[in-house]
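Just so you know, residue 1 is the first one in the sequence shown, and it goes up from there. For ligands, and for the atoms within them, numbers begin at 1 and follow the listed sequence. FYI, side chains are in, hydrogens and waters are out, and symmetry mates aren't considered; it's all heavy atoms of this structure.
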Amino acid sequence: YSPPCPEPERVVGTLEHTDPSLFTVLAQDAVGGLQVWHEEGGGGGWVDVAPVAGTLLVNVGDMLKVVSNDEYKSVEHRVVIKSSKDARVSIAVFFNPAKRDASDVFGPLPELLAAGRPARYRCFSVPEFIRSRRESGHGRSSLDLFKIAADQRQME
Ligand SMILES: O=C(O)CCC(=O)C(=O)O
Ligand SMILES: [Fe+2]
């Protein structure tokens with residue numbers, strides 16, 4: 001919930017981040033404010049995700065990026081305050097792995113790996129992932145810590 005703000009350009013709604021989840025289902029109201037980072041050419045910029053009435057938005061999170069071996073990309077997003085008159089309400093539901101013990105490990109799905117398409121991440125557990133994320137700082141993806149360097153990737 002973001003209350004109306006008399007000087008919307010001077011405040012931040014939600015700082016830029018990727019969701020750590022597998023994926024996130026999001027409902028935003030007609031006020032809008034969600035933006036995604038879009039790479040283009042050598043640069044990039046923030047692009048509005050226009051609200052569409054009656055729709056839900058599905059955001060790919062870092063965990064899905066890993067299990068899909070980068071087939072799905074987690075998107076960097078943030079929320080800016082658009083209105084000086086209207087409050088904004090959004091509802092985000094985060095879908096996370098149910099297996100959260102240190103002995104339950106996640107990594108790129110074996111079915112997706114092939115000759116020429118080796119695993120890009122090593123396996124890790126949810127507690128390890130949460131700890132790495134916390135140590136990376138607010139909202140910052142920690143996936144680099146689990147990445148296997150291009151010259152080290154190999155088929156099992
Ligand atoms: O409020 C929104 O539209 C997005 C919120 C969000 O990105 C989050 O809770 O992770
Ligand atoms: Fe988010």
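Phe94 CZ, 3.5 Å is the protein heavy atom nearest to atom 9 (O) of ligand 1. The protein non-hydrogen atom at the shortest distance from atom 3 (O) of ligand 1 is Arg88 NH2, 2.6 Å.
Geometrically, ligand 1 and Gln28 share no nitrogen or oxygen pair separated by less than 3.5 Å. Residue-to-ligand polar distances place Ser90 within reach of ligand 1: an N/O pair is separated by less than 3.5 Å.
Atoms of ligand 1 lying under 4.0 Å from at least one heavy atom of Val79, given by number and element, are 1 (O), 2 (C), 3 (O), 4 (C). Ligand 1 places these atoms under 4.0 Å from at least one heavy atom of His77: 7 (O).
Among Leu34, Val93, Thr55, the one residue that satisfies the side chain to side chain contact (heavy atoms under 4.5 Å, CB included) test with Leu26 is Leu34.
Using a 4.0 Å cut-off between charged nitrogen and carboxylate oxygen, Lys65 and Asp62 do not count as a salt-bridge pair. Using a cut-off of 4.0 Å between Lys/Arg side-chain N and Asp/Glu carboxylate O, Glu128 and Arg122 are scored as salt-bridged.
Here the shortest heavy-atom pairing between Pro118 and Leu113 reads C-CD2, 4.0 Å. The two residues Val12 and Ile81 come nearest to each other via the heavy atoms C-CG1, 4.5 Å. Lys85 and Ser83 make their closest contact through N-OG, 3.0 Å (heavy atoms, listed as atom of the first residue, atom of the second, distance).
For the Fe ion (ligand 2), protein N/O/S neighbours under 2.8 Å (waters excluded) are His17 NE2, Asp19 OD1, His77 NE2.
Both Leu109 and Leu64 are part of a single hydrophobic cluster, where members link through side-chain heavy atoms under 4.5 Å apart.
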Please report the C-alpha distance between Lys82 and Val80 in whole Å, then the side-chain angles of each, then the deciding distance to 0.1 Å, and finally whether the side-chain contact (heavy atoms from CB on, under 4.5 Å) criterion is met. CA-CA 6 Å; Lys82 287 279 186 194; Val80 296; 4.2 Å; yes
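Atom NE2 of His17 and atom CH2 of Trp37 lie 15.5 Å apart (nearest 0.5 Å).
Neither the backbone nor the side chain of Gln35 comes within 4.0 Å of ligand 1, counting heavy atoms alone. Under 4.0 angstrom from ligand 1, the non-hydrogen atoms of His17 all belong to its side chain. Of all the heavy atoms of Asp19, the ones lying under 4.0 Å from any atom of ligand 1 belong exclusively to the side chain.
A centroid separation of 6.0 Å or more is found between the aromatic rings of Phe146 and Tyr121.
Side chains of Thr18 and Ser74: a donor-acceptor N/O pair is absent below 3.5 angstrom, by distance only.
The shell of residues lying under 4.0 angstrom from ligand 1, judged by heavy atoms, includes Leu26.
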